[in-house]
2 protein chains.
Amino acid sequence: MVVDQLSDADVDRLFQALADATRRDIVRRVTVAEYSVSGLAALYAMSFAAVQKHVAVLERASLVTKEKRGREQIVRGNHEGLAKARRLLDEYEAIWRQRAGRIADILAEG
Amino acid sequence: MVVDQLSDADVDRLFQALADATRRDIVRRVTVAEYSVSGLAALYAMSFAAVQKHVAVLERASLVTKEKRGREQIVRGNHEGLAKARRLLDEYEAIWRQRAGRIADILAEG
DNA sequence: GTATCGTACAACCAAATGGTTGTAGATCAG
DNA sequence: CTGATCTACAACCATTTGGTTGTACGATAC
């Protein structure tokens, strides 16, 4: 049962966003607690602009959300994006199990 | 409980490999049935060499395996890679649920 | 008001990506 | 043996990516 209405481009963006260690670390951190962009930037050995770009990539992939608070931009984990990624991998697993089932059937027949 | 011994680079390769629609399609197909590299190449509007590169990316990410049979190279889905990716997302989900639990606790206290 | 902080964004650069064509080595068919 | 098929890989090209520095602007502190 296909539930999500995700275009190929959406899925590309999702996995692409997850394909970087710094971004995965950001996702973990903002899931546990709130961070401003500069708060995040302070954690990594790279420029503010670089971290800001990473956050933008995660936002486009629906893995985090940003909310303006005063002059800060608060970054939070977005469960929806993560859930979508998981559901996609679940579909692949389902295909795999079907295949395993068919093989078992064939062996049972033979 | 962390089970896998995956380096950041391994995880990068995994998600990077999944971040392309052609490659995801290849993974689905070779999970369902066996294909030679040229058999796969016939399915897509791109050169044999391009498809071969995609297969190589998937192989490095442990999402497919190749096995020589005569002059053909048979490509099959590799469940291990897929399972690793899923387990990673499961860990993220676990972090999310812990967070949700903490929030529930705070609300219960307050 | 002025200085500072947090953010956004442009311009730039090196490296990686996703594609191409061409060449060459194995393997199989006749 | 010869020719066709399957694969691998190099060289090349355009675009994207992940980083940099610099500039600009709104919000805050003094």
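First the proteins, then the strands, lettered A, B, ... as listed; each starts at 1.
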*Taking only residues two or more places apart in sequence, or in another chain, which ones meet Gln98(B) in a side chain to side chain donor-acceptor pair (under 3.5 Å)?*
none
What pairs of donor and acceptor atoms, side-chain ones from residues 9-17 of chain B against any protein atom, are under 3.5 angstrom apart with sequence neighbours left out?
{"unit_1": "Asp10(B)", "atom_1": "OD1", "unit_2": "Arg13(B)", "atom_2": "NH1", "d": "3.1"}
{"unit_1": "Asp10(B)", "atom_1": "OD2", "unit_2": "Ser7(B)", "atom_2": "N", "d": "3.1"}
{"unit_1": "Asp10(B)", "atom_1": "OD2", "unit_2": "Ser7(B)", "atom_2": "OG", "d": "3.2"}
{"unit_1": "Asp12(B)", "atom_1": "OD1", "unit_2": "Arg24(A)", "atom_2": "NH1", "d": "2.9"}
{"unit_1": "Asp12(B)", "atom_1": "OD1", "unit_2": "Arg24(A)", "atom_2": "NH2", "d": "2.8"}

Donor-acceptor contacts, no H, no angles, side chain residues 39-63 of chain B, under 3.5 Å, sequence neighbours left out:
{"unit_1": "Tyr44(B)", "atom_1": "OH", "unit_2": "Asp25(B)", "atom_2": "OD2", "d": "2.6"}
{"unit_1": "Ser47(B)", "atom_1": "OG", "unit_2": "Ala50(B)", "atom_2": "N", "d": "3.1"}
{"unit_1": "His54(B)", "atom_1": "ND1", "unit_2": "Arg23(B)", "atom_2": "NH1", "d": "3.2"}

*For Thr22(A) and Ala49(B), take the nucleotide of DNA chain D holding the closest heavy atom to each; which residue's nucleotide lies nearer the 5' end?*
Ala49(B)
*Begin with the C-alpha distance, continue with both residues' side-chain angles, and end with the deciding distance and a verdict on side chain to side chain contact (heavy atoms under 4.5 Å, CB included) for Glu34(B) and Arg69(B).*
CA-CA 12 Å; Glu34(B) 290 183 351; Arg69(B) 195 163 69 192; 3.5 Å; yes
*When the distance from CG of Asp20(B) to C1' of dA16(C) is rounded to whole Å, what number comes out?*
14 Å
*Nearest-neighbour nucleotide for the Gln52(A) side chain, dT17(C), dA8(C), dG22(C) considered*: dA8(C)
*Specify the closest pair of heavy atoms between Gln73(A) and Glu67(A), including all atoms of both residues, with the distance to one decimal.*
OE1-C, 3.3 Å
*Verdict with supporting geometry, His79(B) and Glu93(A), side chain to side chain contact (heavy atoms under 4.5 Å, CB included)*: CA-CA 8 Å; His79(B) 188 236; Glu93(A) 283 277 330; 3.0 Å; yes
*Remaining members of hydrophobic cluster (4.5 Å side-chain criterion), Val32(A)*: Ile95(B)
*Between atom CD in Gln73(A) and atom P in dC5(C), what is the gap in whole Å?*
19 Å
*Would you classify Ser47(B) as touching base, sugar-phosphate or nothing, given that sugar-phosphate means primed atoms plus P, OP1 and OP2, and contacts are heavy atoms under 4.0 Å?*
base
*At the 4.0 Å heavy-atom cut-off to chain B, mark where contacts on DNA chain D begin and end, going 5' to 3'.*
dA4(D) to dA11(D)
*Between dT7(C) (C1') and Ile74(A) (CD1): distance, integer Å*: 12 Å
*Whole-Å gap separating P (dC9(C)) and CZ (Arg60(A))*: 11 Å
Short heteroatom pairs, N/O only, protein and nucleotides 26-30 of chain C, under 3.5 Å:
{"unit_1": "dT27(C)", "atom_1": "O2", "unit_2": "Arg71(B)", "atom_2": "NH1", "d": "3.3"}

*Using the rule that two of Ile, Leu, Val, Met, Phe, Trp, Tyr join whenever any of their side-chain heavy atoms come within less than 4.5 Å, decide whether Trp96(B) and Leu18(A) are in one cluster.*
no
